[in-house]
**Student:** 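Mind having a look at this structure? Questions to follow.
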Amino acid sequence: MSRLSGLSDRIVDHAESLVADWSDGDVVDIEDQMTQVTIDVICDLMMGGELSAAQRRTVQDQLEPIGRRFEPDPVRSAVPDWVPLPGDEEYRSAVEELDGLIGEIVARRRTELAAGTDGESMDFLSILLRAQERGEQSEQQLRDEMMTMLLAGHDTTALTLTFTWHLLSEHPEAERRVHAELDELLDGDRSWMEVVRGMEYTEWVINEAMRLYPPVYVMFRTPTRPFEANGYTVPEGATLMLPQYAVHRSERFWDDPDEFDPERWRPERAAERPRFAYFPFGGGPRHCIGRQLALLEARLIVATVGSEFRLMSAEDGPLELLPTLTAHPVDGLEMQVERRED
Ligand code: HEM
């Protein structure tokens, strides 16, 4: 429990430094802001260090060319991998750029650990570096793990938060309830873990944001042997598409599926639904390993930002999504910041 509460304090510190730069009336790109804070959190918790503003910008700038490579593309899916296609060069150079940055982070951490200034650090990178010293991890494996953590560990959480703010700005009653919940929980001397445990309505809102806008909107599986499902035989080696976006909005499982309704997460209502009507974190042995961290982080960031600010949409028209590796707003999402009255 003390490790979790230590993590919470660090997440809150990062969220507080983000909002320290906001002033009443500012218009911010909320996707960009949420990406900044989630990069800071993942680097701190997983790699035991902070990025400079320039390094963080490097990560953010590479996301677009990497994401674009995963846009649904009938040509790409029909030709073998070795056929050169538009976007390949940008993708390769983005991966190289990130790999260089990861190399710098790993070298810095290795020096810190060798100098013995950091004791038995438990961030993921230190654990892997110690495994490497025992000959259990090659340099390439270690860098690959870091790349996965960096990419899988921030964009999805940033998008969950972006969509949460967007939905709250469109639903004032839900926003009022979130603020009321926070004000009550933060009035007193509770630890962050106690606050998080009390954030029941906010949790429903975050669940509902991931239902309507699942950051990972589709996953794929390849069966290693044939199987029967609903009277169909699925052959070995087939490509199975598991589309969160479609299932989360299907009338088979949800009343008024396109409506934002956090109340559907009341435990008694949620219990009526099949297990896989909702799977923003995937499922089975390869499900997301960061689920608990992401849910903790999302609540803490909503609490830190929401206790001080309201966010109001600064854009007209419906939210348009671009499906790349994740589904995100087509061109960021501008919101106006309003300091809440005491
Ligand atoms: C709201 C935030 C997040 C969402 C929606 C999300 C979603 C997912 C999904 C759908 C998968 C694929 C699961 C499958 O194939 O069944 C996945 C895998 C993964 N996620 Fe997350 N994730 C989130 C946050 C995180 C965080 C914070 C971390 C890091 C601490 C993380 C690390 C990973 C890793 C390493 C994998 C690969 C697991 C494997 O292949 O065995 N994720 N995530």
Side-chain angles (χ1 to χ4, degrees), residues 3-4 7-8 10-11 14-15 30-31 34-49 59 63 66-67 70 98 102 105 122-128 137 141-167 196 199 202-224 239-248 265 275-302 321 323-328:
R3 292 239 354 249
L4 265 187
L7 287 187
S8 303
R10 278 152 71 187
I11 294 171
H14 289 294
I30 201 68
E31 186 189 358
M34 293 298 113
T35 306
Q36 286 190 27
V37 67
T38 54
I39 290 178
D40 286 349
V41 168
I42 203 73
C43 289
D44 180 9
L45 302 188
M46 294 291 154
M47 305 178 193
V59 177
L63 287 179
I66 291 182
F70 294 89
L98 279 187
I102 284 170
I105 298 172
M122 289 308 287
D123 58 274
F124 188 49
L125 177 52
S126 307
I127 294 169
L128 291 185
Q137 277 273 317
Q141 277 173 326
L142 186 142
R143 281 181 175 223
D144 289 349
E145 295 283 4
M146 286 298 119
M147 181 77 94
T148 307
M149 269 307 162
L150 180 61
L151 294 180
H154 82 272
D155 183 34
T156 41
T157 316
L159 287 167
T160 300
L161 287 158
T162 302
F163 296 130
T164 299
W165 296 124
H166 167 74
L167 287 163
V196 163
M199 291 172 71
T202 309
E203 187 186 341
W204 298 350
V205 167
I206 294 170
N207 286 347
E208 187 67 347
M210 284 192 290
R211 182 184 72 81
L212 285 169
Y213 300 110
V216 178
Y217 57 98
V218 62
M219 309 187 317
F220 297 90
R221 288 287 194 267
T222 306
T224 52
T239 300
L240 280 180
M241 203 176 173
L242 308 161
Q244 280 95 334
Y245 190 90
V247 175
H248 289 186
W265 293 98
R275 158 81 180 81
F276 279 106
Y278 181 71
F279 57 113
F281 295 99
R286 303 302 299 227
H287 73 279
C288 174
I289 55 167
R291 179 173 177 273
Q292 296 300 345
L293 173 61
L295 293 175
L296 175 72
E297 187 181 346
R299 272 177 287 174
L300 288 168
I301 294 174
V302 170
L321 296 182
T324 62
L325 186 55
T326 46
H328 56 94

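All values below were derived from every heavy atom in this structure, side-chain atoms included, with hydrogens, water molecules and symmetry-related copies excluded. Start at 1 and go down the list; that is how both ligands and their atoms are numbered.
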**Student:** With a heavy-atom distance limit of 4.0 Å, tell me whether Q292 approaches ligand 1 through its side chain, its backbone, both, or neither.
**Tutor:**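 Near ligand 1, Q292 shows nothing, with every heavy atom at 4.0 Å or more.
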**Student:** Does the residue R221 have a heavy-atom contact with ligand 1, meaning some pair of atoms that are separated by less than 4.0 Å?
**Tutor:** yes
**Student:** Within the 4.0 Å heavy-atom shell around M46, which atoms of ligand 1 are there?
**Tutor:**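 Here the atoms of ligand 1 in question are 30 (C).
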**Student:** Would you say W265 and E208 are linked by a side-chain donor-acceptor pair, where the criterion is simply a distance under 3.5 Å?
**Tutor:** yes
**Student:** Find all atoms of ligand 1 within a distance of less than 4.0 Å from any non-hydrogen atom belonging to L293, and give their numbers and elements.
**Tutor:** 30 (C)
**Student:** Which ligand 1 atoms, with their elements, are less than 4.0 angstrom from a heavy-atom of T160?
**Tutor:** 1 (C)
**Student:** Which ligand 1 atoms, with their elements, are less than 4.0 angstrom from a heavy-atom of V216?
**Tutor:** 7 (C), 10 (C)
**Student:** By number and element, which atoms of ligand 1 are closer than 4.0 Å to a non-hydrogen atom of A294?
**Tutor:** 1 (C), 2 (C), 24 (C)
**Student:** Please tell me if the side chains of R221 and R286 come closer than 4.5 Å, counting only heavy atoms from C-beta onward.
**Tutor:** yes
**Student:** Among all protein heavy atoms, pick out the one at the shortest distance from atom 6 (C) of ligand 1; state its residue, atom name and that distance to 0.1 Å.
**Tutor:**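 Residue, atom and distance for the closest contact: F281 CD2, 3.6 Å.
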**Student:** Tell me which protein heavy atom sits closest to atom 40 (O) of ligand 1, plus the residue, atom name and distance to 0.1 Å.
**Tutor:**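 Residue, atom and distance for the closest contact: R286 NH2, 2.9 Å.
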**Student:** For atom 32 (C) of ligand 1, what is the closest protein heavy atom, and at what distance to 0.1 Å?
**Tutor:** A152 CB, 3.7 Å
**Student:** Is P280 near ligand 1, meaning one of its heavy atoms is under 4.0 Å from it?
**Tutor:**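 Contact check P280 vs ligand 1: positive.
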**Student:** Strictly under 4.0 Å, does any heavy atom of I42 approach an atom of ligand 1?
**Tutor:**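 Flag set, I42 near ligand 1.
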**Student:** For atom 27 (C) of ligand 1, grab the closest protein heavy atom and report residue, atom and distance to one decimal in Å.
**Tutor:**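 Scanning the protein heavy atoms, the shortest distance from atom 27 (C) of ligand 1 goes to G153 O, 3.5 Å.
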**Student:** Looking at ligand 1, is there an atom of it that comes within less than 4.0 Å of some heavy atom belonging to E297?
**Tutor:**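 No, E297 has no heavy atom closer than 4.0 Å to ligand 1.
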**Student:** Just need the protein heavy atom nearest to atom 12 (C) of ligand 1, so name the residue and atom and give the distance.
**Tutor:**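 Closest protein heavy atom to atom 12 (C) of ligand 1: M219 SD, 4.0 Å.
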**Student:** With atoms numbered from 1 as shown, which atoms in ligand 1 lie under 4.0 angstrom from a non-hydrogen atom of M149?
**Tutor:** 29 (C), 30 (C)
